Structure formats: C-alpha cells, structure tokens
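Data first, discussion second: the structure below is written as structure tokens.
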Amino acid sequence: MQWYRPFRAPAVTAQTGTAVRVQISSERCQGHGRCYDLSPALFGADDEGYGTVAADGSVPPGREPEARRAAANCPEQAIEVTGDG
Ligand code: F3S
C-alpha cells in the first residue's frame with residue numbers, strides 16, 4: 001500500500017469560463033501511478049504504467065481540485081494543469 005503526503009486542494013474560485021486542462025509530460029513521467037490512483041476519472045495508464053490523460057485532457061467542472069491534487073502528488077512534477085477553473 002502506498003501512502004501519499006497530505007494535500008489540501010486550493011479553494012475553487014468563481015468560474016471564469018476558461019476550461020481547465022491537464023497534460024502529462026512524457027519526458028518527465030516515470031510511471032509512479034499516483035495520478036490515476038488519485039483521479040481515475042482524469043488519468044489512465046498506458047501498457048507500461050506511464051500516465052495518460054483521459055480523452056483530450058479537459059477537466060470537467062467540479063473536478064479541478066482533483067486535477068490539482070494529482071499534479072501536486074506527482075513526484076516527477078510531470079502533470080501540468082492549465083486554465084483557471
Ligand atoms: Fe507519471 Fe506522475 Fe502519474 S510520474 S504516472 S504522471 S504520478
């Protein structure tokens with residue numbers, strides 16, 4: 001069983017209409033798997049266990065904290081969250 005350091009997601013502020021997206025740097029990802037363990041709705045794994053983003057990387061409304069939590073828990077800092085949801 002893996003333990004993850006505690007993380008407090010930042011409060012979500014007013015919606016601005018800008019879509020939040022996630023992407024994974026294939027150069028940085030080492031396959032730790034925390035992203036898809038923490039947020040299987042937003043991330044998946046390829047055949048070798050490296051992280052992938054679901055669909056086109058768009059983050060559905062309400063899942064922004066989840067995206068930021070996954071990014072904060074990636075030991076390689078391979079996840080980028082863009083937009084301001
Ligand atoms: Fe890769 Fe980080 Fe996820 S290393 S598998 S993006 S937790």
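When a ligand or atom number is given, it counts from 1 through the structure's own listing order. Just so it is clear, the structure is predicted and the values come from calculations on it, not from any experiment.
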Scan the side chains in residues 41-50 for donor-acceptor partners under 3.5 Å anywhere in the protein, sequence neighbours excluded, and list what turns up.
| from | atom 1 | to | atom 2 | distance (Å) |
| --- | --- | --- | --- | --- |
| D46 | OD1 | E48 | N | 2.9 |
| D46 | OD1 | G49 | N | 3.0 |
| D46 | OD1 | Y50 | N | 2.9 |

Just to be sure I understand the site: which N, O or S atoms from the protein are less than 2.8 Å away from atom 2 (Fe) of ligand 1? C74 SG
So which heavy atom on I79 is nearest to which on C35, and how close? CD1-CB, 3.6 Å
Specify the closest pair of heavy atoms between V22 and A67, including all atoms of both residues, with the distance to one decimal. CG1-CB, 3.6 Å
Heavy-atom check, side chain of R69 versus side chain of S39, under 4.5 Å: no
Determine yes or no for a side-chain-to-main-chain donor-acceptor pair under 3.5 angstrom, with R21 supplying the side chain and D56 the backbone. yes
First locate atom OG of S25, then atom CD of E76, and finally report the distance between them rounded to the nearest 0.5 Å. 10.0 Å
